[in-house]
Number of protein chains: 2
Amino acid sequence: MSDLLERLRARGWRLTAQRRVIAEVLAGEHVHYTADEVHALAAGRLPEISRASVYNTLGELVALGEVREVTTDGRAKRYDPNVAESHQHLVCSGCGAIRDVRLSGDPLAVLPEEERYGFTVSEVAVTYYGRCPDCAAA
Amino acid sequence: MSDLLERLRARGWRLTAQRRVIAEVLAGEHVHYTADEVHALAAGRLPEISRASVYNTLGELVALGEVREVTTDGRAKRYDPNVAESHQHLVCSGCGAIRDVRLSGDPLAVLPEEERYGFTVSEVAVTYYGRCPDCAAA
DNA sequence: TCCTATATTGGACATTGTCCAAGTCAAGAA
DNA sequence: TTCTTGACTTGGACAATGTCCAATATAGGA
């Protein structure tokens with residue numbers, strides 16, 4: 001994740017303690033925390049960090065294209081640091097677990113021209129819902 | 001939409017003025033109102049209707065499978081009365097307009113077995129984003 | 001070290017949604 | 001038709017999530 005901080009500094013970002021711990025929290029695979037979760041985890045390392053800074057920083061990371069915003073339920077948005085690899089999401093309707101998944105085809109290809117209503121279509125989000133092994137067993 | 005009310009009455013629903021106006025508001029094509037919009041439109045016909053009744057009724061309609069909940073942005077949930085026809089959504093990132101779209105293939109088919117992590121996958125939501133003709137021109 | 005534009009903070013406020021106790025009413029019974 | 005009752009509605013309090021702002025602090029260049 002120091003890559004990320006370097007890239008951001010090159011773009012004129014000030015490297016503050018708050019931004020550093022937020023970047024650390026977002027490191028890893030299959031990470032999809034809500035803003036509140038990021039705040040709680042960041043506060044573990046930097047107790048005085050404010051909610052506002054977390055929201056500000058996450059918003060900036062999204063604007064810079066370093067993090068993706070994901071909405072899997074109608075609740076809080078989640079933040080996905082995996083932007084290098086094109087992927088979609090698989091969500092367990094039992095426990096809420098989220099996995100990154102790679103599709104074998106381009107979902108844009110299955111939207112026929114006559115169903116585009118003249119729109120210029122640029123993006124697509126695909127979310128699969130099901131039950132994870134643990135929740136299926138229960 | 002009297003179809004809907006009949007079906008619901010057959011299931012033991014009480015037919016109240018509130019439920020009637022909510023059902024009327026939800027009639028039509030490409031309807032995707034938020035709870036607040038439903039409340040405002042319903043209040044046009046029945047001024048004393050409460051927010052709580054709108055939330056209650058929408059929740060019941062969803063539970064009964066008569067209306068689908070749709071989340072296209074991280075904001076308010078929207079309610080889609082078109083459950084007869086399998087479809088996905090196309091959203092204008094300029095003005096927020098939403099269209100129902102029918103895909104030419106099954107999106108479940110492009111999720112490979114090895115990307116399912118042992119989940120039992122039952123549903124998929126596909127949302128396309130782009131600019132509608134009006135917003136593209138502007 | 002000093003300066004200053006930029007970042008952080010706490011708290012007020014906004015939006016969306018849930019819950020509950022009290023009052024109201026739809027629809028079957030008589 | 002009128003009565004009865006359990007389901008429905010209501011207003012308002014509360015919860016969850018997110019935005020905004022003025023005051024304060026600080027990163028990093030001069």
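The figures here come from the full heavy-atom set of this structure, side chains too, leaving out hydrogens, waters and symmetry mates. Naming convention: chains lettered A, B, ... in sequence-line order (proteins, then strands); numbering from 1 in each chain.
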Are there more than 12 heavy atoms of other residues, nucleotides or ligands under 6.0 Å from atom CD of B:E114? yes

Check which hydrophobic residues are tied to B:Y128 through side-chain heavy-atom contacts below 4.5 Å, counting indirect links as well, and list them.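 B:Y128 clusters with A:L90, A:V101, A:L103, A:L108, A:V110, A:L111, A:Y117, A:F119, A:V121, A:V124, A:V126, A:Y128, B:L90, B:V101, B:L103, B:L108, B:V110, B:L111, B:Y117, B:F119, B:V121, B:V124, B:V126.
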
How is the hydrophobic cluster of A:V91 composed, in terms of its other members, when Ile, Leu, Val, Met, Phe, Trp and Tyr link through side-chain heavy atoms under 4.5 Å apart, directly or indirectly?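 Under the 4.5 Å side-chain rule, A:V91 groups with A:I98, A:Y129.
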
Separation of atom [atom1] in [X] from atom [atom2] in [N], rounded to whole Å:
| X | N | atom1 | atom2 | result |
| --- | --- | --- | --- | --- |
| A:L5 | C:dA7 | CG | P | 14 Å |
| A:R75 | C:dT18 | CZ | C1' | 10 Å |
| B:H39 | C:dT16 | NE2 | C1' | 14 Å |
| B:E37 | C:dT15 | CD | P | 14 Å |
| A:R19 | C:dA7 | CZ | C1' | 6 Å |

Is there a donor-acceptor contact under 3.5 Å from the side chain of B:T57 to the main chain of B:S53?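 Yes; at least one donor-acceptor contact below 3.5 Å.
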
Please give me every residue in residues 50-58 of chain A whose heavy atoms get under 4.0 Å of an atom in DNA chain D, ordered by residue number. A:R51, A:A52, A:Y55

Contact boundaries on DNA chain D for chain A, cut-off under 4.0 Å to non-hydrogen atoms: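 Extent of the interface on DNA chain D: D:dA16 to D:dG28.
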
Select from B:D36 and A:G12 the residue whose nearest nucleotide in DNA chain C is closer to the 5' end of that strand.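 Mapping each residue to its closest nucleotide by heavy atoms, the 5'-most match is A:G12.
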
Kindly write out the residues that satisfy side-chain hydrogen bond (donor to acceptor under 3.5 Å, both in side chains) with [X], not counting sequence neighbours, or none if the list is empty.
| X | result |
| --- | --- |
| A:T127 | none |
| A:R45 | A:E24 |
| B:R68 | none |
| B:N82 | B:D100 |

Residue set satisfying salt bridge (Lys or Arg N to Asp or Glu O under 4.0 Å) with B:E85, at least two apart, ordered chain then number -> B:R102

Which residue pairs pass the salt bridge (Lys or Arg N to Asp or Glu O under 4.0 Å) test with at least one member in residues 120-138 of chain B, sequence neighbours excluded? none

Ring pair (Phe, Tyr, Trp, His ring centres under 6.0 Å) pairs, two or more places apart, involving residues 52-87 of chain B: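 Residue pairs with at least one partner in residues 52-87 of chain B: B:H87-B:H89.
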
Any chance you could list the contact pattern along nucleotides 22-30 of chain C? Use B for base contacts, S for sugar-phosphate-only contacts and - for none, protein heavy atoms under 4.0 Å, 5' to 3'. ---BBS---

